[in-house]
Amino acid sequence: MELRINLTEQSYPIYIGRGVLGRLGEEIKKIYSNKKIAVVTDENVDKFYGEKVKSTLEKSGFQVFKIVVKPGEKSKSIEELVNLYNNILDAEITRGDLIIALGGGVVGDLTGFAASTLLRGIPYIQIPTSLLAQIDSSIGGKVAVDLPRGKNLVGNFYHPQAVFIDPDVLDTLDKRFFYDGMAEVIKYGCIKNKELFYKLMECDEKRILESIEDIIYTCCCIKKEVVEKDEKDNHDRMILNFGHTLGHAIEKYYNFEKYTHGEAVALGMYIITKKSEEMNLTKKGTAELIGEVLSKHNLEHEIYLEDRESILKAISFDKKSKGEFIDIILLKDIGESFIHKIEKEKISSFI
Ligand code: NAD
């Protein structure tokens with residue numbers, strides 16, 4: 001399956017298919033004519049796919065330099081970014097060469113940000129290997145690293161030359177991270193696609209895995225539509241942040257250790273919908289449906305917020321804050337989302 005992200009200044013393909021990884025060398029040859037490639041990955045992904053990717057590229061005549069970072073959000077730090085810059089420069093990669101991000105959202109965001117800034121921009125390709133990265137982070141050009149005071153605070157918009165998605169790699173993904181990605185799949189159903197939402201409600205994990213190619217394709221189509229309408233996240237694209245305002249704050253409050261990104265987003269989607277339902281902004285029964293679908297896919301939806309004040313403080317640093325206001329994403333109904341602008345101080349009524 002193939003789709004194309006069409007933007008004013010750039011357009012790029014997304015290839016989705018089982019076994020794409022094995023054909024990588026031939027595919028990249030069609031879009032890149034120099035020799036050198038730096039492949040950035042993390043230790044976990046390297047163990048399963050590092051050598052496979054390196055050898056398929058070498059067989060197609062490329063000279064490959066593999067750079068391996070530690071797995072986990074901590075690698076999206078300024079220190080790791082500087083290490084990565086140095087490793088890419090040590091490999092003598094120039095602006096005419098290519099960088100590949102082979103991994104989950106952490107590797108994708110870190111590598112994409114490095115590619116966007118080093119030497120004022122080096123072309124790069126995304127090969128996402130986690131479910132979250134395959135349906136979300138590898139598409140749309142947002143790249144970033146974290147600061148100690150918050151996630152993704154240093155970032156850029158920088159699109160890849162192409163995205164190669166091989167659903168077969170999900171076989172080695174830890175179950176917890178598979179469920180984590182399912183939170184974002186559920187998010188797409190909530191904000192834009194009622195049919196997808198009810199499919200997720202019906203299907204157990206086995207059936208989801210059987211139709212994972214189609215599910216990835218559906219999610220990528222939704223992301224494509226939203227990104228093409230609002231590439232720089234000024235308005236429409238914000239709906240992708242459903243559940244994220246609170247989710248990011250929860251992740252940060254627990255120092256990125258207790259909850260994964262998707263687990264925190266799952267909590268955020270349910271809590272905010274429960275409140276918006278109480279305020280008559282959302283159709284009655286919607287939060288219950290979200291809770292049900294989250295439980296079906298092994299995601300918690302209820303949490304006792306011990307320290308509400310710290311969570312609220314974390315939200316005020318959120319990138320979605322604009323002066324005294326913050327945009328939060330709510331649902332009218334399943335499949336129908338809207339942007340709700342509120343004064344920052346009123347956010348406490350939603351938590
Ligand atoms: P991750 O990159 O940490 O991957 C999760 C874990 O799975 C890691 O331990 C990784 O090593 C491992 N892994 C990945 N693929 C594997 C595979 N096929 N087999 C075995 N192990 C594998 O986390 P993630 O959930 O993929 O991404 C989270 C990050 O994505 C966060 O930093 C978040 O901010 C970012 N994000 C970015 C965007 C964007 O638009 N740029 C959107 C959503 C999330």
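Predicted model only: the values in this text are computed from it and were never measured. Remember, it's 1-based here, ligands and their atoms both numbered in the order they're listed.
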Heavy atoms of I165 and P128 approach each other most closely as CG1-CG, 3.8 Å
Which heavy atom of I16 sits nearest a heavy atom of P167, and at what distance?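 For I16 versus P167, the nearest heavy atoms are CG2-CG, 4.5 Å.
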Would you say the side-chain atoms of Y85 and T117 include a donor-acceptor pair closer than 3.5 Å? yes
Could you tell me whether the side chains of Y179 and E205 share a donor-acceptor contact shorter than 3.5 Å? yes
Heavy-atom contacts with ligand 1 below 4.0 Å: which residues, ordered by chain and residue number? D42, N44, V45, F48, Y49, P71, E73, K76, G104, G105, V106, D109, T129, S130, L132, D136, S137, K142, K151, N152, V169, T172, L173, F177, D180, K223, H261
Pick out which of I216, D214, I14, V20 makes a side chain to side chain contact (heavy atoms under 4.5 Å, CB included) with M1.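 When side chain to side chain contact (heavy atoms under 4.5 Å, CB included) is applied between M1 and each of I216, D214, I14, V20, only D214 qualifies.
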Side-chain donor/acceptor of D204 to backbone N/O of R207, under 3.5 Å: yes
